[in-house]
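Each chain gets a letter, A, B and so on, in the order the sequences are listed, and its residues count up from 1.
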Amino acid sequence: MERMSQQRTPDAAAFPELPAYVERVLDVAERIPPGRVMTYGDVAEWLGEGGPRQVGRAMALYGGPVPWWRVVRSDGVLLPGHERRALERYRMEATPLRTAADGSQRLDMRRARWDGAPAEGPTHT
DNA sequence: AGCTTGACCGACC
DNA sequence: TGGTCGGCCAAGC
């Protein structure tokens with residue numbers, strides 16, 4: 001091939017790297033402590049780049065390997081199609097939940113939301 | 001190049 | 001409490 005002007009890394013084909021932004025999103029997701037959650041918007045804001053929708057896309061496509069249940073919607077609604085799986089995790093991690101009027105469970109964002117702070121010492125309510 | 005869609009968000013009513 | 005609307009940022013078509 002004469003046209004080698006386009007530089008493509010050899011290993012890129014065998015080991016396709018995820019977009020840098022996606023890796024950042026996944027990194028943040030892994031950093032969320034058990035029992036806590038971050039909203040898509042929070043993650044985007046924390047990264048200082050992109051928006052909630054972009055984070056949502058990244059999670060939808062590549063969020064499988066990471067604790068995806070800790071990245072949620074701001075209204076606390078469980079991820080459609082994964083409610084069962086998510087609830088399992090929440091119960092296991094003692095994530096603050098709330099029972100809606102219809103009996104369905106949602107996250108209690110007021111308590112479960114994590115702002116990215118390192119830790120929150122002894123709960124002094 | 002323009003329009004639609006999406007694991008969204010906040011403001012309003 | 002719940003439905004609508006406009007805004008937002010990329011990706012697909």
Side-chain angles (χ1 to χ4, degrees):
Chain A
M1 322 294 223
E2 298 79 24
R3 57 166 67 173
M4 56 200 243
S5 53
Q6 67 180 100
Q7 50 180 79
R8 57 174 176 189
T9 55
D11 56 309
F15 300 97
E17 291 183 5
L18 301 179
Y21 185 72
V22 172
E23 293 209 358
R24 270 188 215 125
V25 170
L26 299 184
D27 194 48
V28 173
E30 289 184 328
R31 194 180 146 118
I32 303 172
R36 300 309 267 288
V37 299
M38 274 182 93
T39 71
Y40 298 101
D42 285 344
V43 174
E45 189 179 347
W46 196 86
L47 289 175
E49 185 184 358
R53 321 205 62 153
Q54 188 53 30
V55 172
R57 183 180 300 278
M59 288 302 292
L61 297 176
Y62 311 100
V66 304
W68 50 265
W69 58 91
R70 295 181 194 152
V71 181
V72 302
R73 266 169 55 161
S74 63
D75 58 6
V77 170
L78 303 188
L79 183 63
H82 298 270
E83 305 171 338
R84 178 93 179 160
R85 207 82 81 230
L87 265 179
E88 249 175 71
R89 300 293 188 170
Y90 296 145
R91 282 174 130 183
M92 187 159 48
E93 299 179 359
T95 307
L97 296 176
R98 235 201 131 126
T99 304
D102 60 357
S104 67
Q105 285 191 309
R106 302 187 191 176
L107 288 155
D108 186 345
M109 296 308 292
R110 193 180 47 189
R111 294 190 294 160
R113 198 170 193 171
W114 188 59
D115 56 357
E120 61 170 40
T123 59
H124 69 68
T125 55

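- Close approach of DNA chain C to chain A, defined as any atom under 4.0 Å from a non-hydrogen atom of the protein, starts and stops at C/dG2 to C/dA11.
- The partner of B/dA7 cannot be assigned: no Watson-Crick or G-U wobble pair with both contacts below 3.5 Å exists in any strand.
- The two residues A/W114 and A/M38 have their closest heavy-atom pair at O-CG, 3.1 Å.
- Side-chain heavy atoms closer than 4.5 Å link hydrophobic residues (I, L, V, M, F, W, Y) into clusters, and following such links, possibly through other members, connects A/V22 to A/L47.
- In this structure, A/P67 and A/A29 approach most closely via the heavy-atom pair CG-O, 3.8 Å.
- For A/E83, the salt bridge (charged side-chain N to carboxylate O under 4.0 Å, His left out) test picks out no residue, with sequence neighbours left out.
- From the 5' end on, the contacts that DNA chain B makes with chain A at under 4.0 Å to a non-hydrogen atom open and close at B/dG6 to B/dG10.
- Contact annotation: the side chain of A/M109 approaches that of A/V37 to within less than 4.5 Å [non-hydrogen atoms, C-beta and beyond].
- Residues A/Y21 and A/E49 share a closest heavy-atom pair of OH-O, 2.9 Å.
- Nucleotides B/dA1 and C/dC13 have their C1' atoms positioned 12 Å apart, rounded to a whole Å.
- Taken residue by residue, residues 72-107 of chain A places heavy atoms nearer than 4.0 Å to DNA chain B at A/R73, A/S74, A/L79.
- Each of A/V66 and A/M92 belongs to its own hydrophobic cluster when Ile, Leu, Val, Met, Phe, Trp and Tyr are linked at side-chain heavy-atom distances under 4.5 angstrom.
- The CH2 atom of A/W69 sits 11.0 Å away from the CZ atom of A/R85 when rounded to the nearest 0.5 Å.
- Within residues 41-60 of chain A, the residues having any heavy atom closer than 4.0 Å to DNA chain B are, in order of number, A/G41, A/P52, A/R53, A/G56, A/R57, A/M59, A/A60.
- In this structure, A/S74 and A/T39 approach most closely via the heavy-atom pair CA-CG2, 3.6 Å.
- Scanning all heavy atoms of the two residues, the minimum distance from A/E93 to A/G35 falls at OE1-N, 3.0 Å.
- A 4.5 Å side-chain heavy-atom check between A/H82 and A/W68 finds at least one atom pair inside the cut-off.
- Between A/G63 and A/L26, the shortest heavy-atom contact is CA-CD2, 3.9 Å.
- Under the rule for a side-chain hydrogen bond (donor to acceptor under 3.5 Å, both in side chains), A/T95 has no partner lying at least two apart in sequence or in another chain.
- Taking atom C1' in both B/dG6 and C/dC8, one finds a spacing of 12 Å when rounded to whole Å.
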